[in-house]
Amino acid sequence: MRAKANSIAPMPKPARLLDKLARSRHVAQLVDVHTEHHASFDSTALSSLWGHVARLAAGRHGAGERRWMQRHAAALAPLRQHTERSLPAFDAKLLSQTSVGVAACCSALQHAPAAGSSTIAEWSSFWEPLSTAARATLANPAASKLWGPSELSATARALTYDTGGASRAPLLLDCLAAAAAPQLGDFSAAELSQTASAFARSAGRSPGARRSSSPPLLEALAAQASARVGEFSGSELVVAADAFARVRRSKGSSAVLAAIAPCARAEVESLSCEQLSTLAWAYAASGELPSAALLDALADASTSRLGGFSARSLSVLLWAFAALGESSSTSRRQRLFEAAVEPAAAHLREPHRGGFNTQGLCNLGWAFAVVDPRARLAPLFEEGLFVARCEERLGEEGLTAQRRQLTQLHQWSLWREESDSRASWPPLPAPLRRRCHAAFVDQRLRPSAWQLAVTEQLRALGYTSLSVELVTEQGYYLDVEIEHAKQRVAIEVDGPSHFVGRSAKLSGATQLKRRQLAAFGTRVISLPYQTAAVARRTDDASQQQLRDALVEAIVAVVGAPGDNQSEAQARRARKVSVRSQQPWRARFEAFYGAAMEAESSRND
């Protein structure tokens with residue numbers, strides 16, 4: 001209970017005050033202790049209190065503690081103000097411990113529906129004086145020696161745990177990076193993974209800022225993590241994988257993810273449901289091809305424990321396995337999705353607390369569209385729960401919905417139309433369907449060098465009336481479309497993003513596009529970028545190599561011109577003595593050579 005305002009509490013000894021804080025079981029009790037004995041709080045006691053705030057917010061009953069902080073932000077204000085006045089007396093350890101507690105409080109308030117913007121701004125502004133105090137100790141040769149691996153990693157993690165911390169204290173992140181670099185060999189596995197997570201998240205949130213220190217540190221962290229990955233526990237492996245997936249273009253990131261895979265395979269059974277989904281996400285988002293053994297283990301462990309996944313973790317897990325496409329075992333992926341129907345439907349029935357958010361809903365629909373499971377999907381889609389939740393969520397967000405979310409829903413709508421067996425599913429409302437289609441069409445990209453090279457060689461083969469960057473009725477962009485033997489055929493130049501990592505395995509997005517184009521009547525010839533890349537070389541042999549590849553691909557999908565040609569085409573073919581025993585390429589070039597000559601004579 002709080003002390004009465006007019007009572008005078010006895011001054012406790014410092015040891016008794018710290019013991020009283022340690023015995024507190026709720027954040028409310030910590031606040032009461034500060035209110036009752038605030039005059040006795042020195043820098044050590046203040047920092048200890050913040051450390052206990054962080055402990056309780058992350059503990060078994062953390063959700064309840066965070067809700068209390070959200071509802072009682074005003075009660076925490078005197079503690080924040082007292083701490084701010086005392087910061088100049090804090091050393092490295094005290095600053096680090098305080099930053100962790102402040103981050104927990106700021107994060108709770110940012111997720112509070114009732115928290116006003118002014119309250120959040122007041123708490124986020126606390127990082128500025130904390131940053132000033134920390135940078136002062138880092139700049140002092142004597143005081144800086146107290147900044148060891150534990151203090152550096154905890155402070156960096158706290159700054160990025162609160163989404164406003166890194167933006168409020170960017171100079172502190174640079175100072176922490178500079179201080180951490182020469183000490184990385186002394187970091188524990190936990191400290192390495194947490195520090196990598198902090199700077200990776202910072203780099204992702206501020207792509208145009210604070211890059212001077214982070215990339216060299218991330219490269220050094222990657223080298224340390226790769227060499228010492230055997231020291232990491234299962235949870236530390238997940239944190240590291242998540243970190244380096246976020247900075248996948250940073251030097252050394254691919255090596256870390258490759259080194260993590262076999263170690264993570266051995267730890268899969270010890271991971272929580274959230275960690276399983278995070279690990280799957282890391283490989284799907286990074287584009288780094290994981291080992292088949294790791295994917296199989298992740299699928300098996302997840303399938304047997306789907307009832308324990310939160311809505312968010314479930315949607316992330318399903319998205320990851322769908323995005324990895326051909327990398328994962330088809331049978332295991334099918335079993336995972338079939339087993340996920342009922343748990344996903346249960347989360348759909350919880351529209352508020354515990355249910356899917358907007359991105360989770362879109363991930364869910366897109367993932368099922370990619371995998372196209374054989375299971376009975378009525379609980380998810382036929383009963384109308386999915387469409388109802390999409391309408392609620394996207395209706396609330398209005399035009400602020402991200403384009404990615406709308407494009408995912410558009411592909412779900414196309415999946416619904418792919419088969420008559422899904423005709424009974426309720427469709428998205430017409431206004432939402434139009435928004436989704438518009439977002440899907442609006443994602444046009446510039447033609448790649450490979451695409452332009454293929455187009456040039458198609459014209460060299462005689463395809464003068466071709467269409468470039470054509471949009472289908474469903475909204476898909478086609479790189480090039482040609483007419484072959486009176487049939488319209490699309491040619492897609494599959495760049496690196498169409499594959500998982502540097503493998504030849506198609507990504508889930510590419511699988512979905514190919515299947516949906518075929519379902520709606522578009523014949524597609526796929527040309528891997530490895531083949532198209534030869535056109536970037538100017539020598540005749542390379543140009544001929546690409547033309548050969550194009551001819552072979554067209555013939556393989558559509559057939560040689562002589563197979564289904566009209567009588568007029570056959571007569572033109574006979575004029576150039578095309579024999580049936582000729583190789584397909586020769587028949588193909590002879591046929592189009594005759595056609596071009598006929599076209600030229602008519603023009604003359």
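Residue indices begin at 1 and follow the sequence shown. Only a predicted model underlies this, so the values are computations on that prediction, with no experimental measurement involved.
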Once you round to the nearest 0.5 Å, how far does [atom1] of [X] lie from [atom2] of [Y]?
X: Thr303; Y: Leu336; atom1: OG1; atom2: CG; value: 4.0 Å
X: His498; Y: Gln511; atom1: NE2; atom2: CD; value: 13.0 Å
X: Asp300; Y: Arg332; atom1: CG; atom2: CZ; value: 4.5 Å
X: Trp281; Y: Ser315; atom1: CH2; atom2: OG; value: 13.0 Å
X: Ser277; Y: Arg312; atom1: OG; atom2: CZ; value: 6.5 Å
X: Ile554; Y: Leu550; atom1: CD1; atom2: CG; value: 6.0 Å

For Lys513 and Asp494: C-alpha separation, side-chain torsions, deciding distance, then whether salt bridge (charged side-chain N to carboxylate O under 4.0 Å, His left out) applies.
CA-CA 11 Å; Lys513 179 178 181 178; Asp494 291 339; over 6 Å; no
Is a donor from one side chain sitting under 3.5 angstrom from an acceptor on the other, for [X] and [Y]?
X: Ser270; Y: Glu267; value: yes
X: Thr358; Y: Gln405; value: no
X: Ser99; Y: Ser96; value: no
X: Gln516; Y: Gln474; value: no
X: Asp372; Y: Trp415; value: yes
X: Gln408; Y: Gln359; value: yes

For residues [X] and [Y], determine if any side-chain heavy atom of one lies less than 4.5 Å from a side-chain heavy atom of the other.
X: Ser250; Y: Phe244; result: no
X: Ser327; Y: Leu295; result: yes
X: Glu274; Y: Ser310; result: no
X: Leu276; Y: Arg305; result: yes
X: Val387; Y: Phe381; result: no
X: Val370; Y: Trp366; result: yes
X: Val489; Y: Ile525; result: yes
X: Arg416; Y: Pro427; result: yes

Using a strict threshold of under 4.0 Å (side-chain N to carboxylate O), is an ion pair present between [Y] and [X]?
X: Arg514; Y: Glu492; result: no
X: Asp296; Y: Arg333; result: no
X: Arg335; Y: Glu338; result: no

Stepwise, does the side chain to side chain contact (heavy atoms under 4.5 Å, CB included) test hold for Tyr283 with Leu294?
CA-CA 10 Å; Tyr283 284 96; Leu294 174 59; 3.7 Å; yes
How would you list all residue pairs meeting side chain to side chain donor-acceptor pair (under 3.5 Å) that involve residues 175-190, not counting sequence neighbours?
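Sorted pair list: Ser188-Glu191.
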Without swapping roles, check the side chain of [X] against the backbone of [Y] for a donor-acceptor pair under 3.5 Å.
X: Asp479; Y: Val493; result: yes
X: Ser193; Y: Val239; result: no
X: Thr407; Y: Arg403; result: yes
X: Lys251; Y: Ala220; result: no
X: Thr155; Y: Glu151; result: yes
X: Ser304; Y: Ala301; result: yes
X: Arg433; Y: Leu428; result: yes

CA sep, side-chain torsions, deciding dist, call: Leu298, Phe321, side chain to side chain contact (heavy atoms under 4.5 Å, CB included):
CA-CA 10 Å; Leu298 282 172; Phe321 271 92; 3.9 Å; yes
Please report the shortest heavy-atom distance between [X] and [Y], naming the atom on each side.
X: Ala179; Y: Pro182; result: O-CD, 3.5 Å
X: Ser202; Y: Thr160; result: CB-CG2, 3.8 Å
X: Ile260; Y: Leu237; result: CD1-O, 3.9 Å
X: Val371; Y: Gln334; result: O-NE2, 3.4 Å
X: Leu432; Y: Leu406; result: CD1-CD2, 4.2 Å
X: Thr195; Y: Ser153; result: OG1-CB, 3.1 Å

Please step through side chain to side chain contact (heavy atoms under 4.5 Å, CB included) for the pair Leu192 and Leu184, ending with a clear verdict.
CA-CA 7 Å; Leu192 279 175; Leu184 288 182; 4.3 Å; yes
Decide yes or no on side chain to side chain contact (heavy atoms under 4.5 Å, CB included) for Glu481 and Ile491, but give the supporting numbers first.
CA-CA 6 Å; Glu481 188 181 60; Ile491 296 179; over 6 Å; no
State yes or no: are the ring centers of Tyr476 and Phe440 separated by less than 6.0 Å?
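Distance test on ring centres: under 6.0 Å, yes.
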In chain order, what residues pass the ring-ring contact (aromatic ring centres under 6.0 Å, His included) check against His437, with sequence neighbours excluded?
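Listed in chain order: His410.
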Does Phe309 have any ring-ring contact (aromatic ring centres under 6.0 Å, His included) partners at least two apart in sequence or in another chain, and if so, which?
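ring-ring contact (aromatic ring centres under 6.0 Å, His included) list for Phe309, sorted by chain: empty.
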Can you classify the ring geometry of Trp412 versus Phe386 as parallel (below 30°), tilted (30 to 60°) or perpendicular (above 60°)?
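Answer is tilted, since the angle falls between 30° and 60°.
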